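The residues of the chain are indexed from 1 along the displayed sequence. Counting starts at 1 for both ligands and their atoms, in listed order. Not measured: the values here are computed from a predicted model.
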Amino acid sequence: MQLITTCSSFLLLILNLAVVHGNCSNTLASTLIQNQLILLEKLVNVLDNVSKYRCCSTSPVVFHAVISSSRTYDKGSPWIYDQVVTNVGNAYNPSTGKFTVPTKGIYQFNWYTLNAPETLSHAGLYVNGYIKARQAANNNGSTKQWITAGSSMALPLNKGDVVYIKDINYKVQLFGQWTAFGGVLIN
Ligand SMILES: *[C@@H]1O[C@H](CO)[C@@H](O)[C@H](O)[C@H]1NC(C)=O
Ligand SMILES: *[C@@H]1O[C@H](CO)[C@@H](O)[C@H](O)[C@H]1NC(C)=O
Ligand SMILES: *[C@@H]1O[C@H](CO)[C@@H](O)[C@H](O)[C@H]1NC(C)=O
């Protein structure tokens with residue numbers, strides 16, 4: 001809206017200057033004003049369309065889910081965050097752990113992992129089976145080591161792409177409630 005207001009003021013200024021510097025023929029001045037008004041209307045329409053496209057043309061998509069109770073996953077098995085906190089757009093499947101992109105766009109993902117003390121986890125973010133980002137939580141220092149690893153990344157994705165988390169290297173022991181996966185369509 002700010003942009004539209006600024007551009008409208010600018011056009012009105014041009015319109016006034018055209019009248020002042022014209023030869024004062026009423027016909028010419030009124031033709032100029034009419035043309036300028038048509039232009040102004042067109043510009044406002046275009047800007048209106050642009051702002052609609054930028055902010056509100058797609059439905060919101062956001063999900064966040066946690067692993068409900070402590071669980072072990074083999075290397076290569078997608079982690080299933082079975083307890084849904086939010087799932088606007090319903091694109092995250094809590095039975096498979098997979099998020100299927102509903103509309104082309106830029107998505108921001110985040111994932112947090114707490115694995116058992118004296119164990120390791122290397123959670124990879126995968127898109128259609130290809131790794132895009134890595135995370136390490138090496139809690140093998142002592143029986144008292146309880147450190148949550150957190151990672152995040154933004155990705156341009158196409159409709160139908162499948163996004164999930166699995167361990168790159170290890171069989172893992174994950175803690176319920178402290179291990180989470182989320183994403184949001186940001187553009
Ligand atoms: C003013 O503009 C009109 C329309 O173009 C033209 O016919 C007329 O000769 C112009 N007059 C002067 C003084 O330039
Ligand atoms: C604005 O968008 C509408 C609907 O998509 C379209 O019909 C119209 O031609 C557009 N206007 C301009 C000036 O781009
Ligand atoms: C933790 O595991 C890594 C990878 O296997 C190993 O390099 C490291 O020495 C281990 N650290 C401790 C304190 O056991």
Table please: side-chain donor-acceptor pairs of residues 152-164 below 3.5 Å, with sequence neighbours left out.
residue, atom, partner, partner atom, Å
Ser152, OG, Gln108, NE2, 2.6
Ser152, OG, Phe109, O, 3.2
Lys159, NZ, Pro102, O, 3.4
Asp161, OD1, Asn128, ND2, 3.0
Asp161, OD2, Asn158, N, 2.9

**OP:** Any chance you could lay out the side-chain contact (heavy atoms from CB on, under 4.5 Å) test for Ile186 and Tyr107, step after step, and finish with the verdict?
**Re:** CA-CA 6 Å; Ile186 56 174; Tyr107 290 79; over 6 Å; no
Subject >> Cation over ring face, Lys166 and Tyr126, 6.0 Å, 45° >> reply: yes
**OP:** Would you mind listing the cluster partners of Tyr112? Hydrophobic ones only (ILVMFWY), side-chain contacts under 4.5 Å, chaining allowed.
**Re:**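 Besides Tyr112, the hydrophobic cluster comprises nothing; the residue is isolated.
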Original post:
Regarding Asp167 and His122, is there a side-chain donor-to-acceptor distance under 3.5 Å anywhere?
Top reply: no
Original post:
Looking at residues at least two apart in the chain, or sitting in another chain, which of them share a side-chain hydrogen bond (donor to acceptor under 3.5 Å, both in side chains) with Ser77?
Top reply: none
Hey, what polar pairs (N/O, under 3.5 Å) does ligand 3 make with protein?
residue, atom, partner, partner atom, Å
ligand 3, 2 (O), Asn140, ND2, 2.1
ligand 3, 11 (N), Asn140, ND2, 3.0
ligand 3, 14 (O), Asn140, O, 3.4
ligand 3, 14 (O), Asn140, ND2, 3.4

